[in-house]
6 protein chains.
Amino acid sequence: MEKKNKLINPHERQVVAYHESGHAIVGHLTPGADPVQKVSIIPRGIGALGYTLQTPLEDRFLMSRSELLGKIKGLLGGRAAEELVFGEVSTGAANDLEKVADIIRNMLTVYGMSKHMPNLSLVEKEKNPFLARGPVLQRRSEKLEELIDSETREIINACYQEARQLLIGHQKELEAMAGLLLDKEKIEAHEIQSILGPRALSKKGKANLAVAQ
Amino acid sequence: MEKKNKLINPHERQVVAYHESGHAIVGHLTPGADPVQKVSIIPRGIGALGYTLQTPLEDRFLMSRSELLGKIKGLLGGRAAEELVFGEVSTGAANDLEKVADIIRNMLTVYGMSKHMPNLSLVEKEKNPFLARGPVLQRRSEKLEELIDSETREIINACYQEARQLLIGHQKELEAMAGLLLDKEKIEAHEIQSILGPRALSKKGKANLAVAQ
Amino acid sequence: MEKKNKLINPHERQVVAYHESGHAIVGHLTPGADPVQKVSIIPRGIGALGYTLQTPLEDRFLMSRSELLGKIKGLLGGRAAEELVFGEVSTGAANDLEKVADIIRNMLTVYGMSKHMPNLSLVEKEKNPFLARGPVLQRRSEKLEELIDSETREIINACYQEARQLLIGHQKELEAMAGLLLDKEKIEAHEIQSILGPRALSKKGKANLAVAQ
Amino acid sequence: MEKKNKLINPHERQVVAYHESGHAIVGHLTPGADPVQKVSIIPRGIGALGYTLQTPLEDRFLMSRSELLGKIKGLLGGRAAEELVFGEVSTGAANDLEKVADIIRNMLTVYGMSKHMPNLSLVEKEKNPFLARGPVLQRRSEKLEELIDSETREIINACYQEARQLLIGHQKELEAMAGLLLDKEKIEAHEIQSILGPRALSKKGKANLAVAQ
Amino acid sequence: MEKKNKLINPHERQVVAYHESGHAIVGHLTPGADPVQKVSIIPRGIGALGYTLQTPLEDRFLMSRSELLGKIKGLLGGRAAEELVFGEVSTGAANDLEKVADIIRNMLTVYGMSKHMPNLSLVEKEKNPFLARGPVLQRRSEKLEELIDSETREIINACYQEARQLLIGHQKELEAMAGLLLDKEKIEAHEIQSILGPRALSKKGKANLAVAQ
Amino acid sequence: MEKKNKLINPHERQVVAYHESGHAIVGHLTPGADPVQKVSIIPRGIGALGYTLQTPLEDRFLMSRSELLGKIKGLLGGRAAEELVFGEVSTGAANDLEKVADIIRNMLTVYGMSKHMPNLSLVEKEKNPFLARGPVLQRRSEKLEELIDSETREIINACYQEARQLLIGHQKELEAMAGLLLDKEKIEAHEIQSILGPRALSKKGKANLAVAQ
């Protein structure tokens, strides 16, 4: 499935290497995010020019607000790296941005994690077609839509700035990782840690550790 | 169906224990709410990491406005406990928030219990397809949608603050119940009452008692 | 079909007795409304905890604006009684409120009885699918929707206040009728009249009488 | 099909007699409207308690703006008579009002006869499903909807006032015609003319006469 | 198919004659419009009381903005003539106005010929149902709808005024042509030119001539 | 498939020659745009009066923001040439404008390339019909729609002005290319370069070159 794709041109290969390094660095440095296991710039099928693999250390059933924000920052790290290195953005982030929008939509309308309308669920509720008189469908006022749109943009902008600042503070590591990727095409967890150092343990990780002892 | 799930990690187990204790304490202390019969943190299938069982003492056909508000407070008690103990919220309240939104939607659009537009039913009325000229479908102006949305948020915020204050005033009990749950995984009505004391009888409960004598 | 339902608790039975007495008293005292024939608190199936039967003295083909308002007042009398006696409202009025909304929708959009947009019919007119170029579907501006919503609320509020004032002026009769209902479960026209006195003849009733002589 | 309906009560019969006389008088006195041929208060099926028959003197293919306004005035004459005589309105005008709304909708959206947006056709134009790229569907801004709604109400109010003034100026004739209808149940063109006098010839009628000579 | 229709009354025949003469005169005098070949007031089926035939001198693949405006003016010439001669408008222009609206809709949403939002295509683009993630459907803000509606009305009003001024400046010709039509029912290109003189050659016509020489 | 179409008139042939030359010149002079390979004014089927062929030098998987803007400028070059040479625009640009709108829609809603709402994906997300409670559909507030519409117009206007300025600065070349096209009907890359000179290498092209060496 993975093979060295000769078709991708040298410039695009560079863009992909910095993009994936952006994901990996922001993911690694964000407390509470899942550890980065692998980064690759070997194209796999249409629209997948590279990938960064992050997997949790254990099964998980709950996500906290800050963990979801961490996921968003990692996803935006790819585009932030492109903008920092090449001075402009490409179409390559479309998939990341769709995932970001999806997480935020869930935070605001399913998990009640909005700052401006906390604890409000906007889950669609179809009227039961077999009941003559049931509660009516969940609708939303234009004002509520605006609140959702503006908070969505607030979250995106704040997370993007954090991702960007992290990368500005780690430009040497960004160059090193992109260089290694262009050289080896795929790097593993130990190579990532040799560039970025060990991960800081999150509050939750410490809690789990404390309980386990 | 219930079994000790080894997969849930220690931190998540703690979150669930405080979450369910939050439901139980607010439910127990809210006059007119149904008595709490059982609390469990034994996972049961996808998305159900624990539960708090409240059942009425007798069959019931009518719900008063304050009883519905009591239900909402109990449902919000889980998230309020999480926020108080862990300083942030998780995805674990999604189901509770959906129920809260559903109750409020019914209060405002089916039961005419709005403060701002009392006695107004907004039940959808499909036009009879067999009548050439029937009353037209119930529509709503944007202004009415805004009223509904803002009153929904008012009710959520007020109930959440009440649930939170109750828990702040009973932190010792919250610690005790969460500790007992982490220890025994499931606790019964008599254990709940040994922590929280007997329930205050509601006005309606007194009325029923008086009539019965 | 009717039988003494042992399941309903004493408090709910009281609520239903006052609710139905509210309908009956407002109905009896509103000129031009149909005479009250029977009141019952014997449950009949799901959601029907009692009923008040009003039937016209003759077949009728036309309804005047004031007769429709009279119907609305009678329907709101149940909830008004609950609020006066118990200090809060219950889910038991959902059906009444749906009927109220339906009558008002017809007044404003089918019968042209609005004060703010008199003589305007908003009956939906489907475009004839067999005509290539017919008159377009009836649409409505947001401003018109707001007018309809605000006049709907005006009518509900005015009628509710009238029903409430009637009951405040007849609290002795309300107590008497609810007591009789709790005692006998079903009361007939002559018992209603022995509590409330004979009905005042409406203007139309007098007209009919004059013509008939 | 027509028979003396014993079910209709004396008051309603009076309402119908004045309602139909209202149509007939306004129709007869409006220049350019079709001549009134017959008026009846014999009920014919559901919802048709009486009728006023106006037929043109010749086949017609074009309607002028003032002829359409004349039709609207005649249709509103029924309700105007009810309001003048009985001091309030009934459900009996629903059909008339639906026709009025339909004529105005056609004037404003099909015939380009609006004062505020003259010569604008808003006929719906479905996109041809067989053409990959056709002109898009006709949409309307909220501002345009408001213009249509407010001009609709302007036309209704102006025509209603004209119909009402005509009837106020012919109260003796209204009494006479309603009395005759209550007596005979159906009256013909010559009886109408004996009460109201001969019709004034319209401008168009004069033109036709001049051409014919 | 064409036959002298005895059913149309003398007044309506006059209206049709002036209406068609309006089309023909504005069409003939608008530079760049197609030459008028024939004018007829012989009714042909439902809703077609007359017609004016304009055909281009050669096949055409492109239309300029001014040519489209010329078409609109010709279409509005019929109603403008009615208003000038009879002082009011009739339903007879419905078809013309629908064509006018259709041309303007195409100018503004397909051909990017708007003055206020030039070069903007608003062609509907259905999402490809076979693509999981395609570009979303073309939507429009209310503000854009208002721009479209107000520019539509601007174009109609400007073109109508031009058509009206042309006819005011050629009333003698209008009378002559309508008279000839009432007399002969159908007139040909040479009769039109004998009343209106030869057509002025358009800029494009001159260009074609120059190239052809 | 291609043949000299005798039906197109001399004026339209001129319009097409300048239109295609506009595409070719703006395309050739915009850094980063694909090289122009061929230009033709030989009609090919309905609606395709000519074409300009631009193909990339290598396969490409990513597009940068400036490359997408370059595509838009090239597409608008056709209409800009028409406006400069003939003083007005024609229907011939409909296809170009649809492509422009499509690219901008993708930039703003799929690729997160908006200036005003960067990194926001608005890709439609259908609710999974098999999941009882999934994230709700992506909606948009009216305010967001306005942002999208106004930024769309900003981008169109800016790109159109750039295309127009390029052509104003190369009028001699425009005349030369249109003349050659009218003479030969189809021109190839070497003829284009003999008129416009060699293409400037883009930043990315230089980067690829540098990497390849």
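To find a chain, count down the sequence lines: A is the first, B the second, and so on, and within it residues start at 1.
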Walk me through whether V123(F) and L97(A) qualify under side-chain contact (heavy atoms from CB on, under 4.5 Å). CA-CA 9 Å; V123(F) 169; L97(A) 299 180; over 6 Å; no

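Between V100(A) and N119(F), the closest side-chain pair of non-hydrogen atoms is not below 4.5 Å.
In this structure a side-chain-to-backbone donor-acceptor pair under 3.5 Å is missing from E88(A) to S64(F). The closest donor-acceptor contact from the side chain of T91(A) to the backbone of M63(F) lies under 3.5 Å.
Shown here for S121(F) and A101(A), the closest heavy-atom pair between the two residues is O-CB, 3.5 Å.
Taking CG of L120(F) as the reference point, atom CG of N157(A) lies at 9.0 Å (rounded to 0.5 Å). With values rounded to the nearest 0.5 angstrom, E98(A) atom CD is found 10.5 Å from T109(F) atom OG1. To the nearest 0.5 Å, atom CD of residue E82(A) and atom CG of residue L62(F) are 7.0 Å apart. The CZ atom of F61(F) sits 13.0 Å away from the CZ atom of R13(A) when rounded to the nearest 0.5 Å.
Scanning residues 142-153 of chain F against chain A with a 4.5 Å non-hydrogen threshold yields E142(F), K143(F), L144(F), L147(F), sorted by number.
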